[in-house]
Structures are given as C-alpha cells and as structure tokens.
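Worksheet: the structure to be examined is printed underneath.
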There are 2 protein chains.
Amino acid sequence: MTVLEHFRANKKTEIKDADAGKRPITSGDKSQDKAQTIALAEDIAEQQEMMYATKKHKLLIVLQGIDSSGKDGTVKDVFFSVNPQGIRIVSFKAPTPIELAHDYLWRVHQQVPQAGEITVFNRSHYEDVLITRVHDLIDEKECKRRYAQICDFERMLYETGTTIIKFLLHISKDEQAERLQERIDDPAKNWKFDEGDLVEREKWDEYQKQFSKTIEATDADHAPWYVIPANSKTQRNLAVASIVLETLESLKLTPPAANPKLAGLKVK
Amino acid sequence: MTVLEHFRANKKTEIKDADAGKRPITSGDKSQDKAQTIALAEDIAEQQEMMYATKKHKLLIVLQGIDSSGKDGTVKDVFFSVNPQGIRIVSFKAPTPIELAHDYLWRVHQQVPQAGEITVFNRSHYEDVLITRVHDLIDEKECKRRYAQICDFERMLYETGTTIIKFLLHISKDEQAERLQERIDDPAKNWKFDEGDLVEREKWDEYQKQFSKTIEATDADHAPWYVIPANSKTQRNLAVASIVLETLESLKLTPPAANPKLAGLKVK
C-alpha cells in the first residue's frame with residue numbers, strides 16, 4: 001500500500017472516531033523520522049524546480065484542520081526547501097467586506113496556482129462549509145448547494161490542468177487542550193492565542209461532524225482528501241511530505257529538454 | 001409578449017437564418033425610437049441607484065457579437081446615464097501570458113459584479129468557446145467540457161446572488177462589409193480597423209455555427225441569451241435597453257428604507 005493509499009480519506013470514516021495519535025508510517029525512531037522528512041522536503045524542492053522550468057503543471061494543496069492542528073507548522077516543516085519563487089502560501093482569514101460582496105469562491109479562484117507553481121491554501125473555501133455551518137450562518141440546504149459548487153469548481157480546475165490534494169490535519173480534543181494551554185502559559189506563544197479559539201473549542205463535536213460530511217461530499221479521485229493523524233508533529237510532517245512527494249512523482253516530471261539550436265553556440 | 005420573451009434565444013434557432021435586419025419593436029419612427037431609448041437609459045440609471053444603495057443584487061451583462069456588431073456602441077448608448085460608480089465595463093482582449101497560465105475562467109471570475117453593481121462584459125468567457133473553436137485551438141470534446149464548466153460557473157454565480165443576461169448582437173454579412181469598409185474609407189475611423197477583422201470575416205459561417213451551438217449549450221432561465229437583430233443601431237439599442245430595464249424591474253428594487261433612529265436627529 002502506498003502512503004497515498006494509506007491516508008486517503010475513507011468516505012465512511014467518522015472523523016471523530018479516527019485515531020489522531022496513531023503513527024502508521026513511523027520508523028520507530030523519532031530522529032530518523034525527522035531526517036526522513038528533511039530528505040523528502042528536499043526531493044519536493046527538486047520536483048518543484050522541474051515544475052517551474054517546464055511550466056506545465058499546477059499543484060494546489062489545501063490544508064484544513066481545527067485551531068492548533070498544525071497548519072502553519074506543516075507549511076514550515078514540509079515546504080522550507082522549495083524555492084519561494086515557485087510556491088505561494090495563501091492564508092484565508094475572515095472575509096473582508098469586498099470579499100463578502102462577492103461569491104465565496106471569488107477570492108479563492110484569484111489565488112489558484114498558475115502553470116509551474118505550487119500553491120498552499122492555509123484554510124480555504126472549505127471554511128465556507130465548515131465554520132459557517134458549525135455556527136449556523138448557512139442552513140443545510142445552502143451547505144449542500146456549496147458542496148456541489150465546490151465539486152464543480154475543483155473539477156474545472158482539474159480539467160484545466162491543476163492537480164489538487166487536500167489534507168485534514170486531525171488532532172484529538174486532549175491534544176488541542178494541551179496546545180492551547182501552552183499558548184496561554186508561554187508568553188512567547190501568547191501571540192498565537194485567540195480567545196475565539198475557546199469559543200470554537202466548545203463546538204468540537206460539531207466540527208468533527210462537519211469534517212466527516214465535507215469529506216464525504218467533496219472527496220474525488222481528482223481532488224482527494226487525506227486525513228492525517230496529527231497529534232505527533234513528526235508523524236504529521238512525514239505523512240504530508242510523503243503524500244506531496246508521491247503526488248509530484250506521479251506527474252512524471254522531467255528536467256526541461258535541452259534546446260538543440262543552442263548546441264555549439266558560442267557567446268562572443 | 002414582453003420584450004424579454006420576444007428576444008429570448010430559441011435553442012433551435014440557427015443564428016445564420018435569423019434576420020439581422022428586422023425591427024420587431026420599432027415605433028415606426030426612428031427619432032421616436034431614439035427618444036425612447038434615452039428614456040429607458042434614464043430608468044436604468046434610476047434602478048441602478050437603488051441597486052447601489054441597497055447593495056443586495058448583482059447584475060452581470062454579457063455582450064457578444066462578431067467584429068463591428070456594435071458592442072462598444074451598445075455600451076455607450078444604453079449605459080451612458082448610469083452613475084459610473086455603480087457600473088463597470090470590462091473588455092476582455094486576447095489573454096496575457098499570466099492569464100494563459102491559469103484556467104480561462106480565472107480572469108473572468110475576478111471581474112464579476114459585487115453586490116450593488118452592474119458589470120458589463122464586452123466579450124467574455126464565451127470567446128473561449130467561440131474564437132478558440134472557430135480557429136480549432138480547442139477540439140470538440142474540449143469545447144463541450146467548457147460548455148459544462150461555463151454552465152456550472154454561471155449557475156454558481158446565480159446561486160450566490162447574481163442576475164445574468166447575455167446578448168448576442170447579430171448583424172448580417174453585408175452589414176459587416178459596410179461597417180468594415182467605412183472603417184477603412186474614413187480616416188477618422190481607421191483606428192477601429194484591425195486587419196485581423198478580415199481574417200475573422202472569412203470564418204463567417206463557422207462563427208454563425210458556433211454562436212448557435214453555444215447558445216444551445218449555455219442558455220438557461222437563470223442565464224438567458226437574447227439574440228438582438230443589430231443591423232439597425234436604433235433597434236439594437238432599444239431592444240437591449242428594454243431588456244436590461246425589464247430585468248432590473250423584475251428584481252423589484254425599492255429605495256433603501258429610512259432609518260427610524262434618524263428621525264428627529266439634529267446635527268449640531
């Protein structure tokens with residue numbers, strides 16, 4: 001079984017029942033796992049260079065997960081080696097008045113990768129069926145309509161040359177408590193803490209339910225969801241890096257071809 | 001029969017057989033028709049003011065038509081009264097390298113109207129199934145895929161609050177010959193002439209065929225096509241202005257409600 005297959009979301013899995021603490025692909029040795037992630041990150045960078053030079057493929061990576069699930073950490077630990085010219089990280093925050101005056105996909109479509117580029121969405125259009133549904137800002141009927149719109153949108157991106165992979169970083173409720181407490185207790189981490197996180201935490205079960213529903217409605221072979229047990233940061237990074245690399249390798253990228261017209265040309 | 005019904009595209013109509021010279025809604029008197037268009041344009045401006053103030057509706061108007069069919073003229077003659085703050089005209093030209101590095105809907109989605117706004121697309125995403133198909137830049141299979149993508153896209157816009165109307169300005173081949181000749185003969189109009197127009201003119205029949213196919217594939221009650229006989233500019237303006245106004249009136253716009261909290265408030 002490939003790593004891709006291993007973490008591929010099962011439409012029937014209830015996220016609340018998934019074990020956030022499991023480490024299915026560990027070597028058993030933490031420092032070896034970390035070294036392995038670094039090696040994978042370097043391979044990702046190499047693949048990206050070929051993408052950038054050949055400008056044929058586009059890669060869209062969606063990161064979702066509850067507060068403190070490790071989205072920022074994943075970006076840092078998996079993509080640090082990639083030439084910043086070939087990658088863009090887009091963090092979607094609460095929409096601005098101008099964004100709200102448009103359809104919810106408007107700001108998202110503007111940020112999709114161009115040919116040769118990797119774009120990572122740190123949160124995404126999925127917030128428009130997650131936080132909005134958890135807080136009853138949209139009803140079930142509207143939520144289903146959005147699932148269909150998102151499927152159409154992602155299918156169009158796929159059909160126009162975009163490879164899409166989507167990660168749900170899954171932590172346990174206890175793990176979140178620890179992480180939030182650390183942000184409160186450690187003055188150096190206070191800036192990461194937002195009182196709103198405690199409000200969202202009260203909605204824990206509802207979030208787990210909406211994660212399951214969303215994955216069931218929007219998982220597709222051309223836009224697969226991967227559910228990553230993320231209590232262990234080492235395991236999370238290893239899993240995400242492996243999946244990103246396997247996905248890039250499946251594109252069968254090659255270095256750009258030499259230009260025969262240049263053979264023998266001497267710059268005077 | 002309303003003006004809307006009168007000009008609504010019939011999915012079975014072959015555009016090549018449609019009479020570009022007919023004037024179904026003329027008063028019989030040209031100057032009266034012109035005066036009527038001016039009156040309609042003023043009513044449109046009034047409706048737009050209510051749209052702008054209440055910021056609930058979005059109106060997207062798509063203008064398509066062969067070279068010299070009168071897209072620019074229609075913009076000028078129908079929307080001159082609207083407060084420029086509430087209307088945006090977007091002309092889509094040949095895509096730039098950055099636009100081409102994205103899906104063809106990328107640049108289009110960025111320009112859709114926001115709440116309170118009318119946006120007129122002077123050419124549009126329909127070029128991506130018209131000129132591209134006429135010149136065999138895409139094959140029939142890709143063209144059908146794009147029809148489906150366009151239908152999905154417009155349905156999403158509709159479901160998120162956008163009213164869409166689409167006009168095909170239809171002129172005859174003889175009328176185009178006259179208009180292009182005028183651009184050649186009149187030095188003051190030379191700037192409007194592009195030698196490429198003569199190349200496109202050779203593809204006349206193919207354009208008529210693609211117009212018919214496109215309308216058949218993308219006409220919908222929530223995104224209707226109107227086929228406007230446009231040999232007569234007066235008739236064209238009268239028809240377009242009538243349809244735009246009837247569409248705005250169907251939104252049942254009302255002036256923004258008074259704020260009861262302001263009653264009796266005195267500025268000191």
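Since we're looking at a predicted model, the values are computed, not measured. Lettering follows sequence order; numbering is per chain, from 1.
Other residues, nucleotides and ligands contribute only 12 or fewer heavy atoms inside 6.0 Å of the CG atom of B/Asp221. Counted within 6.0 Å of CZ on A/Phe92, heavy atoms from surrounding residues, nucleotides or ligands total more than 12; the atom is thus considered enclosed. For B/Lys55, the NZ atom counts as densely surrounded, since its 6.0 Å shell holds more than 12 non-hydrogen atoms of other residues, nucleotides or ligands. B/Lys144 NZ: 12 or fewer foreign heavy atoms inside a 6.0 Å radius. For B/Glu46, the CD atom sits in a loose shell: 12 or fewer heavy atoms of surrounding residues, nucleotides or ligands are nearer than 6.0 Å.
For the atom pair A/Asp103 CG and B/Phe153 CZ, the distance stands at 7.5 Å (nearest 0.5 Å). In this structure, CD in A/Gln114 is found 11.0 Å from CD in B/Glu99, a value given to the nearest 0.5 Å. Atom NZ of A/Lys58 and atom NE2 of B/His102 lie 7.0 Å apart (nearest 0.5 Å).
Between chain A and the residues B/Gln149, B/His109, B/Met156, the most heavy-atom pairs under 4.5 angstrom are made by B/His109. Comparing A/Ile98, A/Leu100, A/Leu105, A/Thr162 by how many heavy-atom pairs each has under 4.5 Å with chain B, the most go to A/Leu105.
Interface remark: A/Leu157 contributes side-chain atoms only to the contact with chain B (heavy atom separation under 4.5 Å).
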